[in-house]
Amino acid sequence: MCEECKELVDPKEEQLDQILAHHKREKGALIPVLQEAQGLYGYLPEHVIKHISRGLGIPSAKVYGVVTFYAQFRLTPMGRNVISVCLGTACHVRGGAKVLEAIEKDTKIKDGQTTEDGRFTLEIVNCIGACGLAPVMSINGNVHGRLNADQIPGILAEYK
Ligand code: FES
């Protein structure tokens with residue numbers, strides 16, 4: 001917060017302006033700008049969406065429309081621990097859905113959501129290349145394999 005004008009000061013705004021300047025003249029600039037802005041902030045906060053809207057001359061309702069249409073974009077920050085549960089073919093046939101159900105029950109969140117305390121974000125993925133260990137989930141890149149639903153609370157308890 002700026003002491004004088006009480007406006008929110010965004011330390012990354014200069015980089016965001018560079019992204020906008022880089023893509024401004026391209027046709028279809030919105031998607032690459034959103035991707036790079038998300039790379040910069042980790043998600044797409046409201047003030048960033050408004051800044052992009054002004055920068056590209058696209059109504060913010062339209063920018064929101066694009067952000068909410070594509071699963072790759074996030075309007076909320078990621079949790080401290082990102083659970084990626086696999087529902088690819090091998091994991092699916094070996095009980096991946098039951099593992100997912102146990103995670104949802106324990107964390108009280110669904111795919112794409114983050115717990116209120118910011119501890120977990122849950123995402124469903126298709127194959128993480130560990131089919132031999134199916135069903136599989138990874139937390140912050142650590143792979144947990146040959147899972148059953150009963151193991152979930154104990155594993156999640158390791159991640160604070
Ligand atoms: S299908 Fe789950 S790791 Fe490949």
Side-chain angles (χ1 to χ4, degrees), residues 10-12 15-16 18-20 22-23 26-49 51-53 56 58 60-160:
D10 179 354
K12 293 178 179 167
Q15 285 165 273
L16 181 58
Q18 284 170 4
I19 292 170
L20 283 163
H22 186 250
H23 292 285
E26 291 168 13
K27 213 174 166 205
L30 182 57
I31 300 277
V33 166
L34 289 171
Q35 286 168 332
E36 288 181 35
Q38 181 163 282
L40 182 62
Y41 291 87
Y43 71 111
L44 294 166
E46 191 183 340
H47 78 277
V48 169
I49 291 188
H51 196 90
I52 290 171
S53 155
L56 295 179
I58 298 172
S60 56
K62 192 169 175 201
V63 180
Y64 270 109
V66 170
V67 169
T68 51
F69 181 79
Y70 291 102
Q72 62 176 303
F73 296 124
R74 307 186 54 80
L75 288 165
T76 50
M78 293 289 249
R80 294 189 297 284
N81 304 293
V82 179
I83 306 168
S84 304
V85 57
C86 181
L87 287 188
T89 307
C91 290
H92 183 73
V93 299
R94 293 194 199 149
K98 288 233 163 14
V99 169
L100 173 64
E101 213 174 276
I103 296 166
E104 289 175 341
K105 192 174 161 204
D106 198 275
T107 59
K108 299 183 177 52
I109 51 171
K110 302 251 180 219
D111 181 32
Q113 295 180 336
T114 298
T115 55
E116 272 180 26
D117 61 4
R119 185 173 163 209
F120 290 114
T121 292
L122 175 59
E123 59 181 25
I124 295 172
V125 295
N126 257 323
C127 178
I128 58 172
C131 309
L133 299 174
V136 162
M137 70 173 169
S138 87
I139 304 180
N140 305 336
N142 302 321
V143 174
H144 298 269
R146 300 202 174 95
L147 291 168
N148 65 59
D150 296 341
Q151 294 172 292
I152 297 303
I155 295 171
L156 295 186
E158 292 169 24
Y159 296 86
K160 302 296 175 195

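Order of appearance sets the numbers: ligands from 1, and atoms from 1 within every ligand. Note that the structure is predicted; figures quoted are calculated from it, not measured.
- In this structure, CD1 on Ile58 lies 4.5 Å from CG on Leu30, to the nearest 0.5 angstrom.
- At least one heavy atom of Ala130 sits closer than 4.0 Å to an atom of ligand 1.
- For ligand 1, the atoms closer than 4.0 angstrom to any heavy atom of Gly88 are 1 (S).
- Residue Cys131: no N/O/S atom is found under 2.8 Å from atom 2 (Fe) of ligand 1.
- Considering CZ of Phe73 and CD1 of Ile49, their distance stands at 9.5 Å, rounded to 0.5 Å.
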Item to complete: Given side chain to side chain donor-acceptor pair (under 3.5 Å), test Glu36 with His23 step by step and report yes or no.
Response: CA-CA 10 Å; Glu36 288 181 35; His23 292 285; 2.7 Å; yes

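- Judged purely by atom type and a 3.5 angstrom limit, Gln38 uses its side chain to pair as donor or acceptor with the backbone of Gln72.
- Under a 4.0 Å criterion applied to the non-hydrogen atoms of Ala90, ligand 1 contributes the atoms 1 (S).
- Ligand 1 places these atoms under 4.0 Å from at least one heavy atom of Ile128: 3 (S).
- Expressed to the nearest 0.5 Å, how far CG of Leu100 lies from CG of Leu147 amounts to 11.5 Å.
- Checking Cys86 against atom 4 (Fe) of ligand 1, every N/O/S atom stays at or beyond the 2.8 Å cut-off.
- Taking 2.8 Å as the threshold, Cys91 does not count as a candidate ligand of atom 4 (Fe) of ligand 1, since none of its N, O or S atoms lies below it.
- Atom-to-atom distance recorded for Cys127:SG and His92:NE2 is 14.0 Å, nearest 0.5 angstrom.
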